[in-house]
S.K.: 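Quick one: the structure is below, questions incoming.
Quick note: residue numbers are just sequence positions, from 1.
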Amino acid sequence: MLKPQLHQSQLSTKNPFLLPKPFIHGSGHASFPVYSRSLSTKANKKVRVGYKHGSIKSIASVTQQSTDIKAVVTVKETVVDFWTEIGIERGLDDFTDLFGKTLLLELVSAELDPKTGLEKPSIRKYAHKIDHEGEDIKYEADFVVPPDFGEVGAIFVENEHHKEMYLHDVVLDGFPTGPVHVTCDSWIHPKFDNKKKRLFFTNKSYLPSETPNGLTKLRKEELETLRGNDSGERKKGERIYDYDVYNDLGNPDSDPETARPVLGGQEHPYPRRCRTGRPRTESDPLTETRSSSFYVPRDEEFSEIKMGTFSARTLKSVLHALVPSLSTAIVDSDLGFPFFSSIDALFNEGINLPPLKKQGFWKDLLPNLFRAITDGTKDILKFETPETMERDRFFWFRDEEFARQTLSGLNPCSIKMVTEWPLRSKLDPEIYGPQESAITTEMVEQEIKGFMTCGQAVKDQKLFILDYHDLFLPFVSKIRELKGTTLYGSRTLFFLTHEGTLRPLAIELTRPPMDGKPQWKQVFRPTWHSTDVWLWRLAKAHVLAHESGYHQLISHWLRTHCCTEPYIIAAHRQLSEMHPIYRLLHPHFRYTMEINALARQYLISAKGVIETSFFPGKYSMELSSVVYDQEWRFDYEALPKDLINRGMAVEDPSAPHGLKLMVEDYPYANDGLVLWDIIKEWVSDYVNHYYPDSSLIVSDNELQAWWTEVRTVGHADKKDEPWWPVLKTPQDLIETLTTIIWIASGHHAAVNFGQYTYAGYFPNRPTTARMNMPTEDPNDELLKLFWEKPEVILLTTFPSQIQATTVMAILDVLSNHSPDEEYLGQQIEPAWTEEPAINAAFVKFNGRLKEFEGIIDERNADTKLKNRNGAGVVPYELLKPFSDPGVTGKGVPYSISI
C-alpha cells in the first residue's frame, strides 16, 4: 500500500525532539537512522519545479509517494541448531525472537545524495520471526521507502542472537519494478562477538566501472575487510582470505620424525594455501604449529545445513574413529594377506572391530560400509563389492583391462604417445647410470611382428607409454630406506591395435646406482611361460602402485585441490561479490578450501593416510612439489592443450572439437571434449554479455588484480613463466575461466568418483609395492619361494592389511555423492536469473548437459567402442553430468567438495 508523504515544509530542520545517536554503516561515515515510523506519511509531498524564461515563470506540481516494502528473511536451521534445543543462550534468543528483534536490517541506497555527494541515510528495521517450517526459519520486516531513496543496492544485517545463524536470503517485495533479491548463503556472527554489521549486495551484478555511485565505497571496503592485514592468528568464524606456504604438515615438537620441508619457495616450489597465522614450532622456526582444527574463512566451511555435507562429515568420521579402530583390530601393521581368499573375505565376511560408540550413527552414516553384528557385542566392517568386481572377479588380472584403464580408468591423464625412439633418460648418467632404455627395437618387433616394424609403429603413431622413469628414479634411493616400501623408475609401453585398443608390450623397471651397486634394469613382457608370466604380473603390480601414487598425489590432489585454492583466495580478495566473474566462479569454489584443510589435517600430513599407505611415504608431498615444478602449466590444464601436450591429439579444424585424437576410442578424451565445449559455450555466452568489448576487460581493475594475484602470489613460484595467459580480450578470459571450471568440475570428477569402483578391489590398484622384484639381487631362499609359491610373492608385494583396508574405507567415502550434491548446470544460481540473457544461456547450458547424458549412453551401447564396453567391462560414465546419491561412478559436481 502506498502512503502519502509529508509536505516538505513539515520536515523542518528545527526538530522539537532529540535525534537518536548517529550510527556507522559500511562506508565508515556517521549517518542518522531513518525509521519507517518517521517516514510513514499521510499526505502527498508536493515539489515545486519551475523555470524562468524572461519574466515568465512556470510552476508544476509533481506528486511523489513512499513505498511500503516487506522484507522476508530466510534463515536455515543447521545441524547444530537441531541438536542444541536447550541452553541459556537458546533461552535468551527465544526472548529476542518473542520481542521481534532477531535481526536488524538496513536498506542501503545504490545512489549518492545528489545534493551532498554522500551516501543517503540507510533505512533500518528489526525483523521478527513469523514461521519455522522444516529447515527454513522465516523472519519479516516492514519498511517504508521514501520516493527519493532510489534503488536498493545492498543490505546491512546485524544478528541480535547470541549464536551465529546461517542467512540464506532476503527478498524485498513491494517495489513497482518487482521484488529485489539478496542471496546471502552466509554465516552471520552475533553482534556480541563482533559489532561490525554484515553487508550483502543485491543479486544484480556490476563491473567495477558500472558500480552505482552509492555502492562504490562499500564495494571497496568489503574487499579490504576480506583481505585482512596479513598479521595475527586467524580465529574461527573470521572471514579473512590470505596466503601462506605449506609449512604445517608435520609437528616436530611432539614427534621429530614428522618434520617435513616447507612446500612453497625456491627449494620446493608449490601453490599457496590459506594462511592461518598459527605460531611457529619451537624445534623448527619455519614450521607452523598444528591444532585440532585448521582455520578456513567461515563461509568456506561446510555449511552444516542438514545433509548438506554428508560426504565431508562421513570422511571426517572415518578418519576420526574408523581408521583408529582398524589399527586396533589389525595389531600387526606389516601383516599382509596370506591368500587371495583373505582379500575376498573383506567383502564377504568383513573385519571384526572393537565396539564402536554410536552404532546407530555409524549405520546411518555408512550404510554401504558399516554393518553391526546382530548381538551388539562387536562390530564388523564389511565392504561393498565394487562394480568392477561384480562384473568380472578376474578383471584386475587381465592385460587388456590393465591397458584399457589407461584410457578410461581412474587415471586417464598420464598416457602419452611415443614421439622419439629409442627411449632415453634425460637424467645425469654420472648419478643415475646409462641413459639408454633396456626396451629395444628387437623386443618391440617380437611383440608386434606381423603388424609393422618398430620404426613404422613410431612413425604411424602406434606406440604409447606410461613414463615414470625420470620422475621416480631420483627418489628410489631414499624411498628404499623407508620401512615397508620400495620403488623403481618405470616405463610401460603399449601398442595401438587395429581394433583401437591398447596392448601392453613391455615394462621396464630401473634401480639407479646405490649402496655400492651399479644401475639395475630389466624388461618384463607378456609371455607364455609360467616363470615369465609371474614376473610380468609382479612388474604390473609395481607399475600399478606407481600409477596409484601419481594419480592420488598429482592427477587428483595437485592438479585439482591444491592448484585451485589460490584461484579461490584471490577471487575473494580481489573480486567483489557483485562482480559477474565472481558470481560465475563461486559455485565452482564451494567447500574446496575446507576439504583441503581436512586433507592437510589427516590425508597429506606427516604420518597421515597418504604417507602410511602410498609408496612415496614421507616423500609424498615432496614428490608432488617436483611435479609442480617440472610439469605443471596453467595453459596445459585446459583439456585440449593437455591432450596435445601428451601427444594424444593434434589440432584439426575439420575434426569434432577441432582436435583429432590419436586413439579414436579414448573415453576420457571423447567425453571430456564434449563437456569442455559445453562449458566453454556457457562461459562464452556469459563473458560476452558482460564484456562486449576488449576495453572493458583491460580496464576492469578487479579482474586484472585477481588474475595478477593468482599468478604472482597464489602461484608465486611460477610467476615469471611466459605461458601464463594475459587477460586482454574476451577470448583470453573465456579460455582462462573455462580451464578453471573444467578442473573444478570435469577433471576432478574423472579422477575422483571412480576411486572405489576401480581401487576398491585393491589388487587392481595397489597403493604401494612392499617387495623388490625377485630377479633383482636374487638369493636362494627368495628364488625358492618364488618358484614354489609365486602367489605368496605377489601377495607380499601388495599393501598390508591395514594399508589396504584404510584406503578402501576412505575411497568409499571419496567416491560417494551426498544426497544434495550440486551438479554442474543442474540448478541455476539466483544471481544468474537477474539478467534475461544469462538466464537464457543457462537454460541452453542445462539442455546441452542433458543431451550429453544421452550421448554417453549411446557411446556405451556402441559395441565398436571396445574401450568403454564389453563382457565384464564397466561402462565409462565418470563424466556423465548428473547422478543419484551414493557410489555411482558418475556425476560431475560444480566444485571440488570432497
S.K.: Is the ring pair Y567/H715 parallel, tilted or perpendicular, if the boundaries are 30 and 60 degrees?
M.R.: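 Geometry flag for H715 against Y567: tilted rings.
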S.K.: Sequence neighbours left out, what pairs pass side-chain hydrogen bond (donor to acceptor under 3.5 Å, both in side chains) with at least one residue falling in residues 635-646?
M.R.: R559-E637, R633-D635, R633-Y636, D642-R646, R646-Y666
S.K.: Please confirm whether the backbone N or O of P271 pairs with a side-chain atom of R273, one donor and one acceptor, at under 3.5 Å?
M.R.: no
S.K.: Between T211 and P208, is there a donor-acceptor pair closer than 3.5 Å when you use the side chain of the first and the backbone of the second?
M.R.: yes
S.K.: Could you list the residues that satisfy side-chain hydrogen bond (donor to acceptor under 3.5 Å, both in side chains) with D862, not counting sequence neighbours?
M.R.: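 D862 satisfies side-chain hydrogen bond (donor to acceptor under 3.5 Å, both in side chains) with K864 only.
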S.K.: Just how far is it from atom CG of N816 to atom OG1 of T888, taken to the nearest 0.5 Å?
M.R.: 8.5 Å
S.K.: Which pair of non-hydrogen atoms, one from V710 and one from P566, has the smallest distance, and what is that distance?
M.R.: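 Closest heavy-atom pair between V710 and P566: CG2-O, 4.2 Å.
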S.K.: Are the side chain of S815 and the backbone N or O of Y756 linked by a donor-acceptor pair below 3.5 Å?
M.R.: yes
S.K.: Which heavy atom in W707 sits nearest to a heavy atom in T736, and how many Å separate them?
M.R.: CH2-CG2, 3.5 Å
S.K.: Quick one: sort the W742 and H747 rings into parallel, tilted or perpendicular, breaks at 30° and 60°.
M.R.: perpendicular
S.K.: Could you check whether atom CD of E210 has more than 12 heavy atoms from other residues, nucleotides or ligands sitting under 6.0 Å from it?
M.R.: yes
S.K.: Using the salt bridge (Lys or Arg N to Asp or Glu O under 4.0 Å) rule, pick out the option among D242, D244, D717 that qualifies with R272.
M.R.: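 That would be D717.
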S.K.: Under 3.5 Å, is there a donor-acceptor pair between the Y206 and S576 side chains?
M.R.: no
S.K.: Who passes ring-ring contact (aromatic ring centres under 6.0 Å, His included) against H572, sequence neighbours left out?
M.R.: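 Here the qualifying residues are Y241, Y582.
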S.K.: In terms of side-chain geometry, is the basic nitrogen of R219 or E702 positioned less than 4.0 Å from the acidic oxygen of its partner?
M.R.: yes
S.K.: Is the closest basic N to carboxylate O distance between R868 and D671 below 4.0 Å?
M.R.: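 Yes, R868 and D671 are salt-bridged.
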S.K.: Give the C-alpha distance, both sets of side-chain angles, the deciding distance and a yes or no for ring-ring contact (aromatic ring centres under 6.0 Å, His included) between H268 and Y628.
M.R.: CA-CA 9 Å; H268 298 290; Y628 177 72; over 10 Å; no
S.K.: For the pair S624 (side chain) and M621 (backbone), establish whether a donor and an acceptor sit closer than 3.5 Å, ignoring hydrogens and angles.
M.R.: yes
S.K.: Determine whether a donor-acceptor pair (N or O, by modelled atom type, separation under 3.5 Å) exists between the side chain of H579 and the backbone of I581.
M.R.: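 Yes, H579 side chain to I581 backbone: donor-acceptor pair under 3.5 Å.
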S.K.: First locate atom CD1 of I855, then atom CG of N860, and finally report the distance between them rounded to the nearest 0.5 Å.
M.R.: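 Answer rounded to 0.5 Å: 12.0 Å.
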S.K.: Return the set of residues passing side-chain hydrogen bond (donor to acceptor under 3.5 Å, both in side chains) with N203 (not counting sequence neighbours), or none when no residue passes.
M.R.: T183
S.K.: Between Y468 and Y550, how do the two ring planes meet: parallel, tilted or perpendicular, split at 30° and 60°?
M.R.: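 The rings of Y468 and Y550 sit tilted, inter-plane angle from 30° to 60°.
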S.K.: Taking T564 for its side chain and H561 for its backbone only, find out whether a donor-acceptor pair lies under 3.5 Å.
M.R.: no
S.K.: Could you tell me whether a side-chain N or O of R239 sits under 3.5 Å from a main-chain N or O of P297, the two making a donor and an acceptor?
M.R.: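 Not confirmed, R239 side chain does not pair with P297 backbone.
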S.K.: Look at the rings of F842 and W832 and say which category their plane angle falls in: under 30° parallel, 30 to 60° tilted, over 60° perpendicular.
M.R.: tilted
S.K.: Quick check on E664: does its CD atom have over 12 non-hydrogen neighbours (other residues, nucleotides or ligands) under 6.0 Å away?
M.R.: no
S.K.: Is R573 salt-bridged to E709, cutoff N-O under 4.0 Å?
M.R.: yes
S.K.: More than 12 non-hydrogen atoms from neighbouring residues, nucleotides or ligands closer than 6.0 Å to CD on E224, yes or no?
M.R.: yes
S.K.: Are D884 and K890 within salt-bridge range, i.e. N to O under 4.0 Å?
M.R.: no
S.K.: Give me the one residue out of T406, N670, L496, I415 that meets side chain to side chain contact (heavy atoms under 4.5 Å, CB included) with V663.
M.R.: L496
S.K.: In sequence, state the C-alpha distance, the side-chain angles, and the governing distance for H551 and Y758, and then conclude on ring-ring contact (aromatic ring centres under 6.0 Å, His included).
M.R.: CA-CA 12 Å; H551 159 259; Y758 286 101; over 10 Å; no
S.K.: Salt bridge check, K844 against D685: does any charged N sit closer than 4.0 Å to a carboxylate O?
M.R.: yes
S.K.: May I ask you to decide whether E301 forms a salt bridge with R298, counting only side-chain N to carboxylate O separations under 4.0 Å?
M.R.: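 Yes, this pair counts.
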S.K.: Between T729 and Y691, does a side chain to side chain donor-acceptor pair (under 3.5 Å) hold up when you go through it step by step?
M.R.: CA-CA 9 Å; T729 67; Y691 297 98; over 6 Å; no
S.K.: Between E829 and R590, is there a side-chain N and carboxylate O pair less than 4.0 Å apart?
M.R.: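 Yes, E829 and R590 are salt-bridged.
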S.K.: Applying salt bridge (charged side-chain N to carboxylate O under 4.0 Å, His left out), which residue pairs with at least one partner in residues 718-743 are found, sequence neighbours left out?
M.R.: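 Found K680-E735.
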S.K.: Restricting to ring-ring contact (aromatic ring centres under 6.0 Å, His included), what partner residues turn up for W706, sequence neighbours left out?
M.R.: none
S.K.: Can a donor-acceptor pair be found, under 3.5 Å and without considering hydrogens, that links the side chain of D185 to the backbone of D169?
M.R.: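 Here the side-chain-to-backbone pair does not exist.
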S.K.: Could you give me the CA-CA distance, side-chain angles and deciding distance for S555 and N411, then say whether side chain to side chain donor-acceptor pair (under 3.5 Å) is met?
M.R.: CA-CA 7 Å; S555 302; N411 184 36; 2.7 Å; yes
S.K.: Describe, in one word, how the ring planes of Y686 and Y690 are oriented to each other, choosing from parallel (under 30°), tilted (30 to 60°) and perpendicular (over 60°).
M.R.: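 The arrangement is tilted - the two ring planes meet at 30° to 60°.
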S.K.: Looking at every non-hydrogen atom in both residues, tell me the closest pair between Q704 and L727 and how far apart they are.
M.R.: NE2-O, 2.9 Å
